[in-house]
Engineer: 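Dumping the structure here so I can ask a few things about it.
Just so you know, these numbers use all the heavy atoms, side chains as well, and skip hydrogens, waters and symmetry mates.
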Amino acid sequence: MAPQRPKGAGALDVPPALSPAPVPPRSTELYAALDLGTNSCRMLIAQPKGSGFHVVDSFSKSVQLGAGLEKTGRLSRGSMTRTIQALRICQQKLRRNKVRRMRLVATEACRRAANGAEFMQRIQRETGLKLDIIKPEEEAQLAVISCAPLVNRKTHNLLVVDIGGGSTELVWIDISKVPKADRAQSIMRLHGGFHQAKTDVPAARVVDWISVPLGVATLRDQFSDVEDDAARFALMSWFFEENLTDFTPYQSIQSQDRFQIVGTSGTVTTVAASHLGLKRYDRTKVDGLRMTSAQIDKVIHSYLAMGPGGRRADPRIGLDRQALIMSGAAILQALMRCWPTDRLSVADRGLREGLLYAQMSADGVLEEGLG
């Protein structure tokens, strides 16, 4: 399956319009965001607070919805049953917290599966939850706005990378003409879409974006027949890079000066936790961490040296992540090889946070300015 491209397949040069002026926040209102991905089902329930939000409840479970999808083109009975069970817990949490404002979405596995739409109907019938299968462009938008608070004020060109279970979204943004103090907020305004009306106000400009239909689960499945661990890793990294050739920035020489990559995914946060030697995961130490290419390579080489058995036993990786960490590491290594920087900003945030920001921003309950 070819990478998803915007219509007209080329650079985008339409800056977004300003968002509406904020109104006083309704501090008692709760919002929910649910992300049903290829590997995991995750939900956040949060309350607006200043320019961000405070999480009051959460849920995360590996459901492996995309298991077997590469071979059959359909969601399996077992994976759907696991997912329904997880969604029932989510439904109970939503009811208990009396949440009225929510956005519940499904991504690549349900986009690709022949029975994806049918499964959405089953979910609504059996749990009462209505999930939308979102398009790759919206998934990319949500990843971008979730990472806005991590953008450095000195950054001129930004690459946001969201490594999912079934796909990887890359968005290249030029913020060189935006005043330093407004750069994070200009990225937040992309919640309305990458194609926006022109304004006289300096705004974030999306140079190009792409959705590569290879994530940690789908890339692993592509090379499941290769027995040698190191050979499989090298093939996965090469294959992923081959799928980037249509991405405009890949084809051009980019200046390393004032360039920033922000990576969001379980792979990126796991590599960061391994680098820090955390025996127990600590989001406050991981989110916003900057890692060098040498530090990333050192962690990846340590994973390869461990072999499959060692990775299964390593508490820093975890049982849910151990089967997927090398395909994710292959994607990460390919990305660091392609772009003109030796540093990566780690984001422990993603689709759920983007969904919350988008809802709250659209409702005007967030204060202007990001810390």
Engineer: Distance check, rounded to the nearest 0.5 Å: Met336 atom CE versus Asp342 atom CG?
Structural biologist: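 With rounding to 0.5 Å, CE (Met336) is 7.0 Å from CG (Asp342).
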
Engineer: Between Arg101 and Gln359 (side chain of the first, backbone of the second, donor and acceptor by atom type, cut-off under 3.5 Å), is there such a pair?
Structural biologist: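 Here the side-chain-to-backbone pair does not exist.
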
Engineer: With a 4.5 Å heavy-atom cut-off, do Val151 and Ile173 have their side chains touching?
Structural biologist: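 With C-beta onward as the side chain, the pair stays apart.
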
Engineer: Quick one: closest heavy-atom pair of Arg316 and Gly277, and the distance?
Structural biologist: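 Residues Arg316 and Gly277, closest heavy atoms: CD-CA, 4.5 Å.
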
Engineer: Measure the spacing between CG of Asn39 and OG of Ser62 and express it to the nearest 0.5 Å.
Structural biologist: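 Spacing of CG (Asn39) from OG (Ser62) equals 4.0 Å.
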
Engineer: To the nearest 0.5 Å, what is the distance between CE on Met80 and CZ on Arg74?
Structural biologist: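 Output value for this atom pair is 7.5 Å.
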
Engineer: Assess the residue pair Leu75 and Cys110 against the criterion (side-chain contact (heavy atoms from CB on, under 4.5 Å)); give the C-alpha distance rounded to whole Å, side-chain angles, the decisive distance to 0.1 Å, and a yes or no.
Structural biologist: CA-CA 8 Å; Leu75 303 174; Cys110 294; 4.3 Å; yes

Engineer: Taking all non-hydrogen atoms of both residues, which atom of Ala347 and which atom of Cys147 are closest, and how far apart?
Structural biologist: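 Residues Ala347 and Cys147, closest heavy atoms: CB-SG, 3.9 Å.
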
Engineer: Any chance you could measure Glu29, atom CD, to Met360, atom CE, to the nearest 0.5 Å?
Structural biologist: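 So the gap between those two atoms works out to 9.0 Å.
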
Engineer: Let me know which of Leu214, Leu219, Val216, Leu170 forms a side-chain contact (heavy atoms from CB on, under 4.5 Å) with Ile163.
Structural biologist: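 With Ile163 as partner, Leu214, Leu219, Val216, Leu170 yield a single side-chain contact (heavy atoms from CB on, under 4.5 Å), made by Val216.
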
Engineer: In plain terms, say whether Asp314 and Arg311 are close enough for a salt bridge, that is, a side-chain N and a carboxylate O under 4.0 Å apart.
Structural biologist: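 Here Asp314 does not pair with Arg311 in a salt bridge, since their nearest N and O are not under 4.0 Å apart.
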
Engineer: Whether the Arg352 and Ser58 side chains hold a donor-acceptor pair (N or O, under 3.5 Å, no angle test) is what I'd like checked.
Structural biologist: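 No pair is found: no donor N or O on one side chain lies under 3.5 Å from an acceptor on the other.
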
Engineer: Keeping Arg183 on the side-chain end and Val178 on the backbone end, is there a donor-acceptor pair under 3.5 Å?
Structural biologist: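 Checked: pair present.
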
Engineer: Between Cys41 and Cys90, is any pair of side-chain heavy atoms under 4.5 Å apart?
Structural biologist: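 In contact.
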
Engineer: Are the side chain of Ser146 and the backbone N or O of Ala143 linked by a donor-acceptor pair below 3.5 Å?
Structural biologist: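 Checking the backbone N and O of Ala143 against the side chain of Ser146, a donor-acceptor pair under 3.5 Å is found.
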
Engineer: Would Leu366 and Phe53 count as a side-chain contact (heavy atoms from CB on, under 4.5 Å) here? Give the steps.
Structural biologist: CA-CA 8 Å; Leu366 294 179; Phe53 51 80; 5.6 Å; no

Engineer: Between Ile300 and Phe233, is any pair of side-chain heavy atoms under 4.5 Å apart?
Structural biologist: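 Yes. Closest side-chain heavy atoms under 4.5 Å.
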
Engineer: Could you walk me through whether Phe223 and Phe239 pass the ring pair (Phe, Tyr, Trp, His ring centres under 6.0 Å) test, one step at a time?
Structural biologist: CA-CA 10 Å; Phe223 295 93; Phe239 187 65; 5.5 Å; yes

Engineer: Just verifying a value: how many Å separate Arg283 CZ and Asp348 CG, rounded to the nearest 0.5 Å?
Structural biologist: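 Interatomic distance, Arg283 CZ to Asp348 CG, rounded to 0.5 Å: 4.5 Å.
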
Engineer: Just so I know, are the side chains of Arg100 and Leu30 near enough to count as touching, which here means a heavy-atom distance under 4.5 Å?
Structural biologist: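 They are not in contact (no side-chain heavy atoms under 4.5 Å apart), so the answer is no.
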
Engineer: Looking only at atom types and distance, does a side-chain atom of Thr269 sit under 3.5 Å from a main-chain N or O of Gly266, one as donor and one as acceptor?
Structural biologist: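 A pair under 3.5 Å: yes.
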
Engineer: Is the number of heavy atoms from other residues, nucleotides or ligands under 6.0 Å of Arg290 CZ greater than 12?
Structural biologist: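 Result for CZ/Arg290: open.
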
Engineer: Could Asp132 and Lys130 be called an ion pair, given the rule that one side-chain N must be under 4.0 Å from one carboxylate O?
Structural biologist: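 Judged by the 4.0 Å cut-off on N to carboxylate O distance, Asp132 and Lys130 do form a salt bridge.
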
Engineer: Can Asp297 and Gln333 be said to form a side-chain contact (heavy atoms from CB on, under 4.5 Å), step by step?
Structural biologist: CA-CA 7 Å; Asp297 283 343; Gln333 189 179 76; 3.7 Å; yes

Engineer: Give the minimum heavy-atom separation between Tyr357 and Ile145, together with the two atoms involved.
Structural biologist: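 Shortest heavy-atom contact: CD1-O, 4.0 Å.
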
Engineer: Okay, side chain of Glu126, backbone of Ile123: is any donor-acceptor separation there less than 3.5 Å?
Structural biologist: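 No; zero donor-acceptor contacts below 3.5 Å.
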
Engineer: Minimum heavy-atom separation for Asp229 to Arg232, with atom names?
Structural biologist: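 Distance-wise, the nearest heavy atoms are OD1-NH2, 2.9 Å.
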
Engineer: Using modelled atom types only, decide if a donor and an acceptor are shared between the side chain of Arg258 and the backbone of His156 within a distance under 3.5 Å.
Structural biologist: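 No, because the side chain of Arg258 does not come within donor-acceptor range (under 3.5 Å) of the backbone of His156.
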
Engineer: Whether the side chain of Thr341 engages the backbone of Gln260 through a donor-acceptor N/O pair (distance < 3.5 Å, no angle test) should be reported.
Structural biologist: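 Here the side-chain-to-backbone pair does not exist.
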
Engineer: Does Val99 offer a backbone N or O that forms a donor-acceptor pair with the side chain of Asn97 under 3.5 Å?
Structural biologist: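 No; judged by distance alone, with no hydrogens or angles, the pair does not exist.
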
Engineer: Considering only heavy atoms from C-beta outward, does the side chain of Glu139 approach that of Ser167 to under 4.5 Å?
Structural biologist: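 Yes - at least one pair of side-chain heavy atoms lies under 4.5 Å apart.
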
Engineer: With a 4.5 Å limit on heavy-atom distance, are the side chains of Arg343 and Thr292 in contact?
Structural biologist: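 Counting from C-beta outward, Arg343 and Thr292 do come under 4.5 Å.
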
Engineer: Within this structure, what is the CH2-CZ distance for the pair Trp172 and Phe259, rounded to the nearest 0.5 Å?
Structural biologist: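 Between atom CH2 of Trp172 and atom CZ of Phe259 there are 3.5 Å.
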
Engineer: Do the side chains of Ile84 and Phe119 get nearer than 4.5 Å, heavy atoms only?
Structural biologist: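 Yes, side chains in contact.
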
Engineer: Taking the side chain from Thr81 and the backbone from Arg77, do they hold a donor-acceptor pair closer than 3.5 Å?
Structural biologist: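 At least one qualifying donor-acceptor pair exists.
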
Engineer: Of the non-hydrogen atoms in Gly350 and Thr264, which two are nearest, and what is the gap between them?
Structural biologist: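 Taking Gly350 first and Thr264 second, the nearest heavy atoms are CA-OG1, 3.7 Å.
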
Engineer: Checking side-chain contact (heavy atoms from CB on, under 4.5 Å) between Leu34 and each of Leu87, Leu351, Leu355, which is the one that passes?
Structural biologist: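 So the option named by the test is Leu87.
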
Engineer: Look at the side-chain heavy atoms of Ile, Leu, Val, Met, Phe, Trp and Tyr, link any pair under 4.5 Å apart, and say whether Leu69 and Leu324 land in one connected group.
Structural biologist: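 The answer is no; the residues belong to distinct hydrophobic clusters.
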
Engineer: Do you know the tightest heavy-atom contact between Ala109 and Thr38?
Structural biologist: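 Reported closest heavy-atom pair: N-OG1, 3.4 Å.
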
Engineer: Would one find more than 12 heavy atoms of other residues, nucleotides or ligands at under 6.0 Å from atom NZ of Lys93?
Structural biologist: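 Yes.
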
Engineer: Salt-bridge test for Glu70 and Arg112: reply yes if a basic N is under 4.0 Å from a carboxylate O, no otherwise.
Structural biologist: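 Yes, Glu70 and Arg112 are salt-bridged.
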
Engineer: Is the shortest heavy-atom distance from the side chain of Phe247 to the side chain of Val212 under 4.5 Å?
Structural biologist: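 Contact flag for Phe247/Val212 side chains = no.
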
Engineer: Should Leu150 and Asp287 be marked as a side-chain contact (heavy atoms from CB on, under 4.5 Å) after you check the CA-CA gap, both sets of side-chain angles, and the distance that decides it?
Structural biologist: CA-CA 9 Å; Leu150 299 181; Asp287 188 49; 3.8 Å; yes

Engineer: Between Ser40 (side chain only) and Arg42 (backbone N and O only), is there a donor and an acceptor less than 3.5 Å apart?
Structural biologist: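 Checked: no pair found.
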
